[in-house]
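Quick notes on the structure that follows.
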Number of protein chains: 2
Amino acid sequence: MKHNVEELLSTHGVKPTPQRMVIAEYLLSTHSHPTADDVFQAVKGKLPVSLSRATVYNTLNALVAKGVIQEVTTEAGRVRYDANMSDHHHFVDIETGNVIDIPAGTLNQIKLELGDQYKIRSFHVTIFGEVVGGKAKE
Amino acid sequence: MKHNVEELLSTHGVKPTPQRMVIAEYLLSTHSHPTADDVFQAVKGKLPVSLSRATVYNTLNALVAKGVIQEVTTEAGRVRYDANMSDHHHFVDIETGNVIDIPAGTLNQIKLELGDQYKIRSFHVTIFGEVVGGKAKE
DNA sequence: TCTATGCTTAGACTTATTCTAAATACAGAA
DNA sequence: TTCTGTATTTAGAATAAGTCTAAGCATAGA
Ligand SMILES: [Mn+2]
Ligand SMILES: [Mn+2]
Ligand SMILES: [Zn+2]
Ligand SMILES: [Zn+2]
């Protein structure tokens, strides 16, 4: 399936410039959850002009802000980018560091859904929300 | 309950120096999931000698390596430290940024266990493990 | 064509973290 | 005790991710 990147960007309110298109194209083409520098390395050279790191960061931030991609953190301090916006979680292969998408589902079924192929060493749930009533301790 | 920090460090194979003790003491005394700089600010001045940032980082890394504390990432790119080593997850208050400990339990019970006080906006499960059989796609 | 706005660029800057080299501390050997 | 090797700490240099700045470029619309 060939992505219509131009339309994807337009419908999300991001003007589709050549730089942005090639960055978005790359993100949509991979499941590798690349870092900003991974994106920069993969994409420079695909344009007739030189590509600035600032543009990569500006574009990644814009795409995150507009909901085209998301940031993913697996190892402390490392930011990765993910064009898969479906409801899913991440499996980190502790041998290779690879980050694999895991479709969401009721959480207590994760083990079953994963099947024998994945041996869970540990997992961590991070919840984002609001505390109402103000009496939760720091 | 007064923590015996000296013994805690010793039993984990970390030689209890004054710098390490005061850092560990601070981590054990708070639920705030502080950053490295938070730790530095809180702890410098509690020693007769000056405290180096390098020592703070060295100590935090050593305590993580020895399993005395853990790293926690909630916002992309920000590393926090947590002396709570019980099996628990984290609730991030999206208004204040506060990180609150949530005891583990079967994951499908999380909503019930949290109760009315917490309004879940979203959550994310990160799983660490191994892929066996080698046929999982990146 | 003119102009305003937005986009991109190179490089400077900032900030978090690691590294380096020298000084200190100190446990154990003698 | 003193000696001595190893670990620890320190200040500051170095690195790396990310942001900011100022200038140039592109282009949509008047
Ligand atoms: Mn960001
Ligand atoms: Mn670390
Ligand atoms: Zn993903
Ligand atoms: Zn915690």
Side-chain angles (χ1 to χ4, degrees), chain A residues 5-6 9-10 12-27 33-66 68-82 97, chain B residues 5-6 9-10 12-27 33-66 68-82 97:
Chain A
V5 179
E6 184 166 352
L9 297 187
S10 293
H12 282 83
V14 180
K15 188 187 286 192
T17 68
Q19 289 85 350
R20 288 167 178 177
M21 302 241 302
V22 77
I23 289 170
E25 245 157 41
Y26 173 66
L27 290 168
H33 301 83
T35 63
D37 194 63
D38 292 337
V39 173
F40 176 70
Q41 299 298 338
V43 154
K44 73 172 180 190
K46 294 197 177 171
L47 284 168
V49 299
S50 66
L51 176 67
S52 167
R53 280 172 197 281
T55 296
V56 173
Y57 281 106
N58 287 343
T59 298
L60 292 173
N61 288 337
L63 295 179
V64 169
K66 295 309 179 77
V68 182
I69 65 174
Q70 62 178 317
E71 295 179 335
V72 169
T73 302
T74 53
E75 319 147 62
R78 273 204 109 191
V79 181
R80 294 163 169 272
Y81 294 90
D82 189 353
Chain B
V5 179
E6 185 167 351
L9 297 187
S10 294
H12 283 82
V14 179
K15 189 187 284 191
T17 67
Q19 288 87 347
R20 289 166 177 177
M21 303 242 303
V22 77
I23 289 170
E25 245 157 41
Y26 173 66
L27 290 169
H33 303 82
T35 64
D37 194 63
D38 291 337
V39 173
F40 176 71
Q41 298 299 337
V43 154
K44 73 172 180 190
K46 293 195 175 171
L47 285 168
V49 298
S50 66
L51 175 68
S52 167
R53 280 174 197 281
T55 296
V56 173
Y57 281 104
N58 287 342
T59 298
L60 292 173
N61 289 337
L63 294 179
V64 170
K66 296 307 179 78
V68 182
I69 65 174
Q70 62 177 317
E71 295 179 335
V72 170
T73 301
T74 53
E75 320 147 63
R78 273 201 111 191
V79 182
R80 293 163 170 273
Y81 295 90
D82 188 353

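The sequence lines fix the lettering, A, B, ..., with proteins before strands; numbering per chain opens at 1.
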Discussion item. How many whole angstroms separate atom CG of D38(A) from atom P of dG18(D)?
Written reply: 11 Å

Item to complete: Search all heavy atoms of R80(B) against all heavy atoms of E75(B) and return the closest pair with its distance.
Response: NH2-OE2, 3.8 Å

Worksheet item: Under 4.0 Å: is that the gap between some side-chain N or O of R20(A) and OP1 or OP2 of dT8(C)?
Response: yes

Practice prompt. Hey, could you give me the NZ/OG distance between K44(A) and S52(A), rounded to the nearest 0.5 Å?
Written response: 12.0 Å

Worksheet item: Nearest-Å distance, CD (E71(A)) to C1' (dG18(D))?
Response: 11 Å

Worksheet item: How many Å lie between CD1 on I23(B) and P on dT8(D), as a whole number?
Response: 13 Å

Practice prompt. Can you figure out which of dT10(D), dT18(C), dT8(D) approaches the side chain of Y57(B) most closely?
Written response: dT18(C)

Practice prompt. Check the distance between dA7(D)'s P and Q19(B)'s CD and give it to me in whole angstrom.
Written response: 17 Å

Worksheet item: Within the structure shown, what part of the strands sits under 4.0 Å from T17(A) by heavy-atom distance: base, sugar-phosphate, or nothing?
Response: sugar-phosphate

Worksheet entry | Whole-Å distance separating the CG atom of N61(A) from the C1' atom of dC20(D) | 13 Å

Discussion item. Counting only side-chain heavy atoms from C-beta out, which of dT8(D), dT17(C), dT10(D) sits nearest to K15(B)?
Written reply: dT8(D)

Worksheet item: Rounded to the Å, how far apart are K44(A) NZ and dT8(C) C1'?
Response: 17 Å

Worksheet, complete the sentence: Taking dA11(D), dT18(C), dT9(D) as options, the one with an atom nearest any side-chain atom of N58(B) is dT9(D)

Worksheet item: Rounded to the Å, how far apart are R53(B) CZ and dT20(C) C1'?
Response: 18 Å

Worksheet item: Under a 4.5 Å cut-off applied to non-hydrogen side-chain atoms, are L63(A) and L9(A) in contact?
Response: yes

Worksheet entry | Distance in angstrom units between L51(B) CG and dT24(C) C1', rounded | 15 Å

Worksheet item: Should S50(B) be listed as having a side-chain N or O under 4.0 Å from OP1 or OP2 of dA11(D)?
Response: yes

Worksheet, complete the sentence: Judged by nearest nucleotide, the residue sitting upstream toward the 5' end of DNA chain C, G77(B) or P18(B), is G77(B)

Discussion item. Of the options dT10(D), dT9(C), dG18(D), whose atoms approach the side-chain atoms of T55(B) most closely?
Written reply: dT10(D)

Discussion item. If you compare all heavy atoms of Y81(A) against all heavy atoms of T35(A), which two are closest, and at what distance to 0.1 Å?
Written reply: CD1-C, 4.3 Å

Fill in: Smallest separation among heavy atoms of P16(B) and M21(B), with atom names
CB-SD, 3.7 Å

